[in-house]
2 protein chains.
Amino acid sequence: MSEHPLVKEWLSQLQANGYRITHARRVIVEELVKSQKALEPVDLFTICRKKDPALGLVTIYRTLDQLDQLGLIQRVHQADGCHTVMRKQNGHEHLLVCTSCGRTVTFCGDNFESLSSKVASETGFAVSDHMLQFFGICPECQGQKDGAN
Amino acid sequence: MSEHPLVKEWLSQLQANGYRITHARRVIVEELVKSQKALEPVDLFTICRKKDPALGLVTIYRTLDQLDQLGLIQRVHQADGCHTVMRKQNGHEHLLVCTSCGRTVTFCGDNFESLSSKVASETGFAVSDHMLQFFGICPECQGQKDGAN
DNA sequence: TCCTTATTGAAAAAGAATTTCAATACCGAA
DNA sequence: TTCGGTATTGAAATTCTTTTTCAATAAGGA
Ligand SMILES: [Mn+2]
Ligand SMILES: [Mn+2]
Ligand SMILES: [Zn+2]
Ligand SMILES: [Zn+2]
């Protein structure tokens, strides 16, 4: 029952940017914040509908756009495209994604300082950002396939 | 006029996998191999149509699928999705993508050996792969905005 | 050259995302 | 608390992308 502190934070951010706090937005934010899986818009729609049967898919798309503009969510890259989203991690955190079920965990410890400046000077590009993800099979999915584990 | 050696290589690979070498496939492969930019299917279609005005967009999609299955191309991740493709680099090479024009160069030098095994043991995931891209502005696009450079 | 069949492009269909619009819910001002 | 302006909503229509179907064609081995 306890409300995830990020929900309050996100709703405040929306409000601070001139958006109203509506029932639809609250439901969507709650589900996005708590999800441990990368979700497609239509997945999120299905989940949110259980809390608000009148919700429209179009509101999912609109709200995702808004949260994206506020930098609160990110697309998750997978072999077949970037159709899922998750809440954005801190700058130094990246995603490890289960290719079987979409479950994610985060990790940090990458350090591209020297590599990116080396690449920048060699190519003339002004390097401003990076995207890093690890892929693998989560413990639960390993168990299902291997039997006893 | 000289033909890119990769064209021959890709066509051989297609043939080795039971595909016929057709005019459409040759044109598509030539353009993909030579492109320095990440391309959307419809971009590739427009480009290839200049060499083969009868080409159908559906053949672009089909050929991209085949090349993808052979591991010859990869999706390029960008902030708004993964709608573009490029030829795949060697395992240790990654893409630096211009967020303004899509031009790409490659770099290597990342080393996730120890990080990925650390993450694996901490999370229980079987980590098998990673995806890394750098983003920035290429020299040409820098010049256009800044004036003299 | 001939024959088999993989491949093709057009058209239709399916799927995903966006736009339009009238009804409604939010929220600040009385 | 009520009221009123307007941001937000869901349904429907539209647009954009990708896939499927199918008859005609072209690749390439015999
Ligand atoms: Mn990082
Ligand atoms: Mn690497
Ligand atoms: Zn899993
Ligand atoms: Zn991606």
Side-chain angles (χ1 to χ4, degrees), chain A residues 7-8 10-32 38-70 73 75-85, chain B residues 7-8 10-32 38-70 73 75-85:
Chain A
V7 171
K8 194 165 290 185
W10 285 24
L11 292 176
S12 299
Q13 284 228 38
L14 281 167
Q15 200 166 43
N17 284 77
Y19 295 108
R20 293 180 180 174
I21 297 183
T22 66
H23 184 243
R25 285 187 181 135
R26 169 168 270 120
V27 170
I28 293 169
V29 164
E30 281 170 354
E31 294 304 326
L32 271 178
L39 298 174
E40 293 187 27
V42 72
D43 298 332
L44 188 57
F45 175 63
T46 304
I47 293 170
C48 290
R49 272 235 158 183
K50 290 171 186 162
K51 288 195 173 176
D52 179 358
L55 191 83
L57 177 55
V58 66
T59 301
I60 299 285
Y61 282 105
R62 290 194 275 231
T63 305
L64 287 177
D65 280 348
Q66 294 151 7
L67 295 173
D68 186 40
Q69 291 200 352
L70 297 182
I73 60 172
R75 286 172 182 272
V76 175
H77 183 90
Q78 298 189 269
D80 64 335
C82 286
H83 305 299
T84 60
V85 298
Chain B
V7 171
K8 195 164 293 185
W10 285 24
L11 292 176
S12 300
Q13 286 228 39
L14 282 167
Q15 200 166 41
N17 284 78
Y19 295 110
R20 294 180 180 174
I21 297 182
T22 65
H23 184 241
R25 286 187 180 133
R26 169 167 270 120
V27 169
I28 293 169
V29 165
E30 282 170 354
E31 293 306 325
L32 270 177
L39 297 174
E40 294 188 26
V42 70
D43 298 331
L44 188 56
F45 175 62
T46 305
I47 293 170
C48 290
R49 272 234 156 182
K50 289 172 187 163
K51 287 194 175 177
D52 179 359
L55 191 84
L57 177 56
V58 66
T59 301
I60 299 285
Y61 281 103
R62 290 194 275 230
T63 305
L64 287 177
D65 281 348
Q66 294 151 6
L67 295 173
D68 187 39
Q69 291 200 352
L70 297 182
I73 59 171
R75 286 173 181 272
V76 175
H77 181 91
Q78 298 190 267
D80 64 336
C82 288
H83 305 301
T84 60
V85 298

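Numbers restart at 1 for each chain; the letters A, B, ... are given by sequence-line order, proteins then strands.
For L64(B), the side chain to side chain contact (heavy atoms under 4.5 Å, CB included) partners are L32(B), P41(B), L44(B), I60(B), I73(B), V85(B), not counting sequence neighbours. For R75(B), the side chain to side chain contact (heavy atoms under 4.5 Å, CB included) criterion is met by H77(A), C82(B), not counting sequence neighbours. Among residues two or more places apart in sequence or in another chain, the side chain to side chain contact (heavy atoms under 4.5 Å, CB included) test is passed with Q13(A) by E9(A), L70(A), L72(A).
Atom pair H83(A):NE2 and dC16(D):P shows a separation of 19 Å (rounding to whole Å applied). Rounding to whole angstrom units, OH of residue Y19(A) and P of dT6(D) are separated by 18 Å. In this structure, Q66(A) places its CD atom 10 Å from C1' of dA7(D), rounding to the nearest Å. For D65(A) and dA16(C), the CG to P distance is 17 Å, given to the nearest whole Å. Note: CG (D80(A)) to C1' (dG15(C)) measures 14 Å, nearest angstrom. If you take CG of L14(B) and C1' of dG28(D), they are 16 Å apart, rounded to a whole angstrom. Straight-line distance from the CD1 atom of I28(B) to the P atom of dT7(C): 13 Å, rounded to whole Å. Between the CG atom of D43(A) and the P atom of dG15(C) there is a distance of 15 Å, given to the nearest Å.
For residues 40-55 of chain A, the set of pairs meeting the side chain to side chain donor-acceptor pair (under 3.5 Å) definition, not counting sequence neighbours, comprises H23(A)-D52(A), E30(A)-K51(A), E31(A)-K51(A).
R25(A) places no side-chain N or O within donor-acceptor distance of the main-chain N or O of T63(A), the cut-off being under 3.5 Å.
Distance from the side chain of Q15(A) is smallest for dC27(C) among the nucleotides dT8(C), dA11(D), dC27(C).
Applying a 4.0 Å cut-off to non-hydrogen atoms, the residues of residues 50-57 of chain A that approach DNA chain D are A54(A), L55(A), G56(A), listed by residue number.
Annotation: of the two residues near DNA chain D, T63(A) and E40(B), the 5′-most nearest-nucleotide partner is T63(A).
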Under 3.5 Å between N/O atoms: give me all the protein pairs with nucleotides 19-26 of chain C, atom names plus distance.
unit_1	atom_1	unit_2	atom_2	d
dC26(C)	O2	R20(A)	NH1	2.8

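Considering OH of Y19(B) and CG of L11(B), their distance stands at 13.5 Å, rounded to 0.5 Å.
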